[in-house]
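Have a look at this one.
All ligand and atom numbering here is 1-based and tracks the order in the structure. Everything numeric in this text was worked out from a predicted model, so none of it was measured.
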Amino acid sequence: MITEVVKLDPVNPDIRKIQRAGEIIKKGGLVAFPTETVYGLGGDALNPDSSAKIYAAKGRPSDNPLIVHIGCLEDLNKIVKKVPGKAQKLAEAFWPGPLTMVLEKSDIVPITTTGGLSTVAVRMPDHPAALELIRASGGYIAAPSANVSGKPSPTLAKYVAEDLDGKIEMILDGGPVGIGLESTIVDLSENDPVILRPGFITCEMLEEIAGPVETDRTILSADAGGVPRAPGMKYRHYAPQGDLTIVEGPGGEVTAFINEQTKRLEKAGEKVGIIGTDGSIHKYPAGIVKSAGSREREESIAKELYRILREFDDEQVTVIFSEAFEDKGIGQAIMNRLLKAAGHKIIKL
Ligand code: TXA
Ligand code: MG
């Protein structure tokens, strides 16, 4: 299959191009498209053949359910059994935006889309091209992140092409995404909301609207026991080819430790990558050093993290050290993804 790459203005997308993409999805084909979080790999959420194609293109286990993307709040009613009061409030507060809600699914949603579950994850992305595409495709797009299973989610169209060229009909290239980490997932299918995956919308932001919110305890700790409630969180995701270790502690000690290790490992023939920040990169004389952004603006780190992990793969780095980030606000999502990428390997100084 030849994958067509279509450039789009992310703010004023050309409707004709999007309509053509919508036709592909309606006919059961696959189109990758930008959202405000990461690029998604879209197919018709109500067509079981489309979800089968998505799993095949990604090389993803078919028990790992897909998120259904909608373009307006009214469309929610058709795919869920009921909209609990808290879900309604959260949708009004955060949609369109980086929040995914898990609700009881209605019969119209094929079991293949939900990986065999009786619940469905739904979100309304905050991106003009994505919203237009959803409308042009019939209203319901199933879309996981547009990466091959086990790679970081794509934050640029070129990473989608690297992973999926020849496997899907079209890539809509809307330039770099805004946030860079996947949406917050909240389960509202039982009583109190439970965060299954941290993201840009934090626990505090949710609690302001919906009262007490719990966090699935498997999210931040490797040894919490139990099976994560978002099936996807049980797989080792976002894994770079290099052996990644997070180093946490006072700034000076962290740089000293990483420098010492880098010197030793380079002597032994390893290629070392270092993830620092704008304020620290000049303190690393050796290794391939990349800044994830500024500690004062952790959003910038969220945006660059996956690009850096992919670049280290391209550069065939064999060992990676990353500084740790503050575990609050968007920092919680950053640390959650980093810990998963590191297989929970963290050194506390
Ligand atoms: O920001 C995002 O959410 C991006 C963009 C493209 O919208 N999508 C995304 O999809 O990250 P994906 O498939 O890479 O991650 C979806 C996660 C998986 O961990 C999956 O297990 C979980 O959502 N999930 C989906 N349906 C679920 C359900 N019914 N119950 C619990 N977890 C669910
Ligand atoms: Mg994903």
Side-chain angles (χ1 to χ4, degrees), residues 30-43 45 51 54-55 57-71 79-81 94-106 109-127 129-131 133-134 141-155 159-160 163-164 172 174 177-190 193-201 216 218-219 227-239 302 306 333 336-337 340-341:
L30 304 184
V31 176
F33 62 99
T35 80
E36 80 281 34
T37 56
V38 297
Y39 274 78
L41 170 58
S51 11
I54 292 175
Y55 290 117
K58 269 183 76 87
R60 174 174 183 153
S62 58
D63 68 344
N64 188 0
L66 309 174
I67 295 176
V68 178
H69 295 65
I70 59 173
I79 54 169
V80 301
K81 281 224 168 88
F94 296 116
W95 281 358
L99 175 68
T100 296
M101 293 198 280
V102 174
L103 298 163
E104 285 296 317
K105 82 172 192 71
S106 72
V109 183
I111 207 92
T112 42
T113 302
T114 65
L117 298 178
S118 61
T119 53
V120 60
V122 191
R123 95 175 186 96
M124 190 194 299
D126 186 14
H127 192 290
L131 290 170
L133 179 66
I134 294 165
I141 294 186
S145 47
N147 52 287
V148 156
S149 214
K151 285 255 203 160
S153 297
T155 50
Y159 295 139
V160 179
D163 284 12
L164 298 174
L172 292 175
V177 298
I179 294 176
L181 294 179
E182 307 85 347
S183 61
T184 307
I185 303 182
V186 185
D187 188 348
L188 285 138
S189 64
E190 285 161 30
V194 184
I195 296 178
L196 307 185
R197 179 175 75 181
F200 183 83
I201 308 279
D216 186 12
T218 62
I219 280 178
V227 177
R229 283 166 56 178
M233 300 300 276
K234 74 175 180 260
Y235 297 104
R236 187 176 170 223
H237 251 190
Y238 325 116
Y306 286 156
N336 167 258
R337 307 308 195 274
K340 283 172 72 68

Note, Pro198 side chain near Arg337 side chain (heavy atom, < 4.5 Å):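 With C-beta onward as the side chain, the pair touches.
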Heavy-atom check, side chain of Thr119 versus side chain of Thr114, under 4.5 Å: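 The answer is no; the side chains never approach within 4.5 Å.
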Element-labelled atoms of ligand 1 that are located less than 4.0 Å from some non-hydrogen atom of Leu117: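 With Leu117 as reference, the close atoms of ligand 1 come out as 28 (C), 29 (N), 30 (N).
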Location of contacts on Asp187 toward ligand 1, heavy atoms closer than 4.0 Å: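 The answer is neither; Asp187 stays 4.0 Å or more away.
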Thr35 and Ser183, any side-chain heavy atoms less than 4.5 Å apart: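 Heavy-atom side-chain distance check fails, nothing below 4.5 Å.
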Test item: Phe94 and Met101 side chains (from C-beta on) under 4.5 Å apart, heavy atoms: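 The answer is no; the side chains never approach within 4.5 Å.
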Within-cut-off N or O pair, Tyr39 and ligand 1, under 3.5 Å: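 Tyr39 vs ligand 1: no N/O contact under 3.5 Å.
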Intermediate values then yes/no, side-chain contact (heavy atoms from CB on, under 4.5 Å), Asp163 and Lys58: CA-CA 8 Å; Asp163 284 12; Lys58 269 183 76 87; over 6 Å; no
Enumerated ligand 1 atoms positioned under 4.0 Å from heavy atoms of Ile185: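 So the answer, numbered in order with elements, is 17 (C), 22 (C), 23 (O).
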Arg197 and ligand 1 - part of the residue with a heavy-atom distance under 4.0 Å: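 Side chain only; the backbone of Arg197 stays clear of ligand 1.
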Ligand 1 atoms in contact with Leu196 (distance to a heavy atom under 4.0 Å):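 Contacts of ligand 1 toward Leu196, numbered from 1: 31 (C).
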Selection from Ala121, Gly40, Ser153, Ala142 by shortest heavy-atom distance to atom 6 (C) of ligand 1: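 Nearest heavy atom to atom 6 (C) of ligand 1 lies in Gly40.
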Thr184 side chain to Ile201 backbone, donor-acceptor under 3.5 Å: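 Confirmed, Thr184 side chain pairs with Ile201 backbone.
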Atom indices of ligand 1, in the order listed, that fall short of 4.0 Å to a heavy atom of Ser183: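 Selected atoms, number and element: 1 (O), 2 (C), 3 (O).
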Close N or O approach (Thr35, ligand 1; < 3.5 Å):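 No, since none of the N or O atoms of Thr35 sits under 3.5 Å from an N or O of ligand 1.
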Close side-chain approach of Thr37 to Ser153, heavy-atom, < 4.5 Å: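 No - every pair of side-chain heavy atoms lies 4.5 Å or more apart.
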Proximal candidate to atom 1 (O) of ligand 1 [heavy atom criterion; set Ile67, Asp63, Thr37]: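 Answer by nearest heavy atom: Thr37.
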Side-chain heavy atoms of Asn147 within contact of Tyr159, under 4.5 Å: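 A side-chain contact is absent here, since even the closest heavy-atom pair is not under 4.5 Å.
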Contact atoms of ligand 1, heavy-atom distance to Thr119 under 4.0 Å: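 Checking each atom against Thr119, I get 28 (C), 29 (N), 30 (N).
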N/O donor-acceptor pair under 3.5 Å between Tyr306 side chain and Lys151 backbone: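 Side chain of Tyr306 to backbone of Lys151: no pair is present.
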Atoms of ligand 1, numbered as shown, that sit under 4.0 Å from any heavy atom of Asn64: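 Counting atoms of ligand 1 from 1, those under 4.0 Å from Asn64 are 18 (C), 20 (C), 21 (O).
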Under-4.0 Å salt bridge between Glu36 and Arg123: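 A salt bridge is present here (some side-chain N lies under 4.0 Å from a carboxylate O).
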Any Thr114 heavy atom less than 4.0 Å from ligand 1: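 Judged by the 4.0 Å heavy-atom criterion, Thr114 does not count as contacting ligand 1.
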Contact flag Asn147/the Mg ion (ligand 2), N/O/S atoms, threshold under 2.8 Å: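 Looking at Asn147, which is the residue asked about, there is no N, O or S atom under 2.8 Å from the Mg ion (ligand 2).
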Option set Glu36, Glu182, Arg60, criterion heavy-atom distance to atom 13 (O) of ligand 1, minimum: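 Comparing heavy atoms across Glu36, Glu182, Arg60, the nearest one to atom 13 (O) of ligand 1 lies in Arg60.
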